[in-house]
*Asks:* 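Next up is a structure, given as structure tokens.
First the proteins, then the strands, lettered A, B, ... as listed; each starts at 1.
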Amino acid sequence: MTTQFGKSCHLHLIDGSAFIFRAYHALPPLTRKSDGLPVGAVSGFVNMLQRYVEGNTGPDAATHVAVIFDKGSHTFRNDLYDQYKANREAMPEDLRPQIPLTRDATRAFNIACEEIEGFEADDIIATLAHQARDAGGRVTILSSDKDLMQLVGGGVEMLDPMKNKRIDTDGVHEKFGVGPERVVDVQALAGDSVDNVPGAPGIGIKTAALLINEYGSLEELLDRAEEIKQPKRRQTLIDNRDQIELSKQLVQLDCDMELPFDLDSLEIKDADPETLMGFLAEMEFRTVTKRIADKLGIEAPVIADVAPTPIETSAAEAVPFDQATYSKVADAATLEDWIGRIRERGYVAVDTETTGLNEMTADLVGICLCVEAGDACYIPLTHKASASDDLFGSDELAQGQMGLDEALALLKPVLEDPSVLKIGQNMKYDAKIFARVGIDIAAMDDTMLMSYAMNAGLHNHGMDGLSERYLNHKPIEIKSLLGTGKSAITFDRVPIEDAVKYAAEDADITLRLWQLFKPQLHEKCVTTVYETLERPLVPVLAQMERTGVKVDRDTLSRMSNAFSQKMAGLEAELYELAGREFNVQSPAQVGTILFDEMALEGGKKTKTGQWSTPADVLEDLATEHDFPARILDYRQLAKLKSTYTDALQTHINVETGRVHTSYSIAGANTGRLASNDPNLQNIPVRTEEGRRIREAFVAEPGKTLVSLDYSQIELRILAHIAGIDTLKQAFKDGHDIHAMTASEMFDVPLDEMTPDIRRQAKAINFGVIYGISGFGLARNLRIPRAEAQGFIDRYFERFPGIRTYMDDTVAFAKEHGYVETLFGRKINTPEINAKGPHAGFAKRAAINAPIQGTAADVIRRAMIRMPAAIAGQPAKMLLQVHDELIFEVAEDGVDQLIETAREVMEGASDPAVRLDVKLAVDAGQGANWAEAH
DNA sequence: ACGCTCACG
DNA sequence: GACGTACGTGAGCGTA
């Protein structure tokens, strides 16, 4: 039941951003006890809302209310003037994750919460104020922002909530020296250094008001500027007319927005106590929860009092490692006791022990838990009886273990409870193992990913290394339990007593690393990266990997046979050409034949003193001789057969009939994923023969493979970061970017472009991304080095922004020791100040990392959003190949999937980063990957 | 275990 | 002035 907004109604419009910043600065940096999430501003915000709700009584009480927020940083004003708000300082790192929580808080209070992409909160406020005023109602804007003063009058007032001071028409006069209707004129002249509105140089509010009052309006003033007596002031207004008019456009609020809601929907509603309490409890606000509960006359929910996360780095080291303190859990009562302690604490480090490294085939052997440094246990579950009296190993279970099902049934509720944080090292592995026994881990932190967010480029992020580096403790080596090579045993054959020490230690180390890393995330300003680009990817990848992709064994098998035959023929031919038999696959032997026996020119040796025979050298020789040409043919076939048609077959899972790769999240320093076991990111495509291997990657009957890939994403990002207008425009117009580059560089009109000139420009475009050098380009294009250098010089001349980008990036790296992506991912560059040949590598890597890394961030964001976006559609995301996502879709769902996935991918940078260049996504489909790509 | 070569973006 | 160079990966093979 809603009343029509009208005469007797009173609308309150709350400036949400102002509330947030006030709350942020007014409160100390509180963190949520259980996991260290910064919540100080949320707490202040909640208090302000509560005080507002409590105070909204009496004759001035609102009947309708909304909290209005800014959304995104790019608005129509940036399109008018790209420097608008350019001086704004970046949002503090610990405030960023709190922004969405303030929306949640508003909704929890059952107060309307509005934001619209591309507009500032002020525009929404302006539009609503006008609508309410026109409907005959009364409006109070709760804000002290002077930009909103233009709205005052005709029943619209402002209220500064801190000073509790009302601002009416007189108040505006006091501030601006003119009435509300002329405020924008004054602002247009005076400008605003905070928002970077230029205004007229040398004119402030006082002078502006004087002029406006004299001439009546800004337009009148500008038209009659010649009449101004003071010569300097006159000249300023004449010279800066455009800038002043632009300024007016910038400060003028949009009162005429199309809103997707109406005034009636803002009517005040009581909060739903359960929702509100739920939110407050989730935030772990004890005091305010109790206060509001008392007010509502209800019982306050119990908030588990978990121990605060130790902040002192010494805490992790204070307790010495002692394997004797680890205990074995072998009965339900003891396990229940542990679970009680976990619930009490609110977090637990978890590690699984299994029979292997492949999560799809390895079986769960035991689970370890740790709640406090030095306090860890191991729950053996499926250890086999001692192998010592049975040469082949017994299949009987060892004594002294509780039942697998019983243990899992007890653990499942706490592992799936989102209010209990599960801490792991490489949680994707454990999550997949648990998923296979029906447990869906909820709420987790990952020490490997924390290290990656902070230390990419400095070192690897494996547990043993992290332990030695940060805890000064060398863990028990798994080798000492399992042995190596052929005689290695699986973990289920390890005696339980030994397993307890090893396994519990892993959980202990993980917990201590977490205690150390958690507060460091904020100190190193990578909380947002960890929270938005690392952690949420874990469940997404786990699902993709478990789904796998169907690979047709017969297709591969047939190809293998065909390759074998061709190779046999080539082998005979090669023996003939060489005059003797030799190992065709040995570069050393091939080198001897080419450069010693055949005495060809151009051979180089590797650092180990062997002849070097890479493809490009052989290609040069192949123009004159058959032997190197046949070697190249042979090598291509051998590669395809051994790495692809043969090896892929061994990766087909017997249960699923599919291939399940595993993605390393923390492998590549730039933020890219890496695929392994098997690597599905390097399936051939560049040659026709290799491309056919993709025919073996198929959709299930009735389904279709769909591939969507970003078009030229790295060049688009380069154009944005380096601010290259010509490139930006070319992308906007949908031009062939390499042809355009060629045209610019070589002064060839586009309609006279030859493939060869375009090819050269393409090589230069890519070279730029890699940190171009004359040498590298010369080798790639096989042209003299001087000529290559000439191209590069020319390129920099035509696109000077790129030179600046490269120089600035290297300078930044030298100063800070890292470079950054647009999303704040930091890539450390410890070698950047090194002397000698290392320096060149480090420089080029530093130039490349922000570009490659930003592209990696973009597709990560798309992948993280994808499951929710395609929920309900008959589609599954299967693979990622750096700029490409592959889906398996029911045939009648293909069009919808493409539409949805494209939207997610093209909008992946929003709203965190507004790219000057739109992202474009190409789509393909087919029964197999060759057709879909 | 390491180097060489080559598959991908 | 010389030196050594495109960026980021993973895997299979030969050689030690």
*Asks:* Could you identify the nucleotide paired to C/dT5, looking across every strand shown and requiring Watson-Crick or G-U wobble geometry with both distances under 3.5 Å?
*Replies:*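 In the structure as shown, C/dT5 has no Watson-Crick or wobble partner.
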*Asks:* Under 4.0 angstrom, heavy atoms only, what part of the nucleic acid is A/Ala842 near: base, sugar-phosphate, or nothing?
*Replies:* nothing
*Asks:* Please determine if A/Arg782 and A/Asp620 form a salt bridge, counting it only when a charged side-chain N lies under 4.0 Å from a carboxylate O.
*Replies:*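 Result for this pair is yes, salt bridge flagged.
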*Asks:* Is there a side-chain contact between A/Ser612 and the phosphate of B/dT5, meaning an N or O under 4.0 Å from OP1 or OP2?
*Replies:* yes
*Asks:* Counting only side-chain N and O atoms of A/Thr606, is one of them less than 4.0 Å from OP1 or OP2 of B/dC4?
*Replies:* yes
*Asks:* Using a cut-off of 4.0 Å on non-hydrogen atoms, how would the nucleic acid contact of A/Arg691 be classed: base, sugar-phosphate, or nothing?
*Replies:* nothing
*Asks:* Roughly how many Å is it from CD in A/Glu689 to P in B/dC6, rounded to a whole number?
*Replies:* 15 Å
*Asks:* What is the distance from CG of A/Leu637 to C1' of B/dA7, rounded to the nearest Å?
*Replies:*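 Going from A/Leu637 (CG) to B/dA7 (C1'), I get 14 Å.
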*Asks:* Categorize A/Ala856 for me: base, sugar-phosphate, or nothing, with a 4.0 angstrom heavy-atom threshold over every strand shown.
*Replies:*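 No contact.
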*Asks:* By the 4.0 Å heavy-atom rule, please label A/Phe841 as base, sugar-phosphate, or nothing.
*Replies:*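 Counting heavy atoms under 4.0 Å across all strands, the contact made by A/Phe841 is with sugar-phosphate only.
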*Asks:* Figure out the CG/P separation between A/Leu648 and B/dC8, and round it to whole Å.
*Replies:* 13 Å
*Asks:* Does A/Gln585 reach a base, just sugar-phosphate, or nothing at all? Heavy atoms under 4.0 Å.
*Replies:*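 Answer is sugar-phosphate: A/Gln585 comes under 4.0 Å of backbone atoms only.
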*Asks:* In terms of side-chain geometry, is the basic nitrogen of A/Glu888 or A/Arg658 positioned less than 4.0 Å from the acidic oxygen of its partner?
*Replies:* yes
*Asks:* Between A/Asp857 and A/Arg861, does any side-chain N to carboxylate O distance fall below 4.0 Å?
*Replies:*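 Judged by the 4.0 Å cut-off on N to carboxylate O distance, A/Asp857 and A/Arg861 do not form a salt bridge.
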*Asks:* Remember a base hit wins even if backbone is also touched, and classify A/Thr608 as base, sugar-phosphate or nothing at under 4.0 Å, heavy atoms.
*Replies:* sugar-phosphate
*Asks:* Between A/Phe775 and A/His882, which residue's closest nucleotide on DNA chain C lies nearer the 5′ terminus?
*Replies:* A/Phe775
*Asks:* Along DNA chain C, 5' to 3', what are the outermost nucleotides having an atom less than 4.0 Å from a heavy atom of chain A?
*Replies:*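 On DNA chain C, the outermost contacted nucleotides are C/dG4 to C/dT15.
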*Asks:* Taking the side chain from A/Glu477 and the backbone from A/Lys479, do they hold a donor-acceptor pair closer than 3.5 Å?
*Replies:*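 The answer is no, because no donor-acceptor pair under 3.5 Å joins these two groups.
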*Asks:* Measure from CD1 on A/Ile886 to C1' on B/dC8 and round the result to the nearest Å.
*Replies:*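 So the CD1-C1' distance, A/Ile886 to B/dC8, works out to 12 Å.
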*Asks:* Is A/Arg694 salt-bridged to A/Glu931, cutoff N-O under 4.0 Å?
*Replies:* no
*Asks:* Please give, in whole Å, the distance from B/dC6 C1' to A/Gln681 CD?
*Replies:* 16 Å
*Asks:* What distance, rounded to whole Å, do you find between the two P atoms, one in C/dA6 and one in B/dC4?
*Replies:* 13 Å
*Asks:* If you look at every strand shown and take non-hydrogen atoms under 4.0 Å, does A/Asn676 touch a base, only sugar-phosphate, or nothing?
*Replies:* sugar-phosphate
*Asks:* Any side-chain N or O of A/Arg686 less than 4.0 Å from the OP1 or OP2 oxygen of B/dA7?
*Replies:*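 Result: no.
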*Asks:* So, are A/Arg825 and A/Glu820 salt-bridged, with charged N and O less than 4.0 Å apart?
*Replies:* no
*Asks:* Considering every strand and a 4.0 Å limit on heavy-atom distances, what is the contact class for A/Gln589: base, sugar-phosphate, or nothing?
*Replies:* sugar-phosphate
*Asks:* Check every strand shown and say whether A/Ile683 touches a base, only sugar-phosphate, or nothing at a heavy-atom separation below 4.0 Å.
*Replies:* sugar-phosphate
*Asks:* Across all strands shown, which nucleotide pairs with C/dT15 by Watson-Crick or G-U wobble geometry, both distances under 3.5 Å?
*Replies:* B/dA1
*Asks:* Tell me: CD of A/Gln636 to C1' of B/dC8, nearest whole Å?
*Replies:*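 For the pair A/Gln636 CD and B/dC8 C1', the rounded distance is 14 Å.
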*Asks:* If you measure from the P atom in B/dG3 to the same atom in C/dT5, how many Å do you get, rounded?
*Replies:*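 About 15 Å, rounded to a whole number of Å.
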*Asks:* What's the CZ-P distance between A/Phe766 and B/dC8, to the nearest Å?
*Replies:* 14 Å
*Asks:* How would you label the contact of A/Ile772 with the nucleic acid (heavy atoms, under 4.0 Å): base, sugar-phosphate, or nothing?
*Replies:*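 Touches a base.
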*Asks:* Can you find a pair of side-chain heavy atoms, one from A/Asp646 and one from A/Phe563, that are under 4.5 Å apart?
*Replies:* no
*Asks:* Verify the contact: side-chain N or O of A/Ser675 to OP1 or OP2 of B/dC8, cut-off strictly under 4.0 Å; return yes or no.
*Replies:* no
*Asks:* Can you spot which of A/Glu571, A/Glu689, A/Glu573 makes a salt bridge (Lys or Arg N to Asp or Glu O under 4.0 Å) with A/Lys566?
*Replies:* A/Glu689
*Asks:* Of the options B/dC6, B/dG9, B/dA7, whose atoms approach the side-chain atoms of A/Ala615 most closely?
*Replies:*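 For the A/Ala615 side chain, the nearest candidate turns out to be B/dC6.
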*Asks:* Measure the distance from CG on A/Asp646 to C1' on B/dA7 and round it to the nearest whole Å.
*Replies:*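 Nearest whole value for this atom pair: 15 Å.
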*Asks:* Reckon A/Asn682 touches a base, only the sugar-phosphate, or nothing at all at heavy-atom distances under 4.0 Å?
*Replies:* base
*Asks:* Would you mind classifying the nucleic acid contact of A/Gly767 as base, sugar-phosphate or nothing, using non-hydrogen atoms under 4.0 angstrom?
*Replies:*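 The answer is base, as A/Gly767 lies within the cut-off (heavy atoms under 4.0 Å) of a base atom.
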*Asks:* Closer than 4.0 angstrom, basic N to acidic O: yes or no for A/Glu797 and A/Arg803?
*Replies:* no
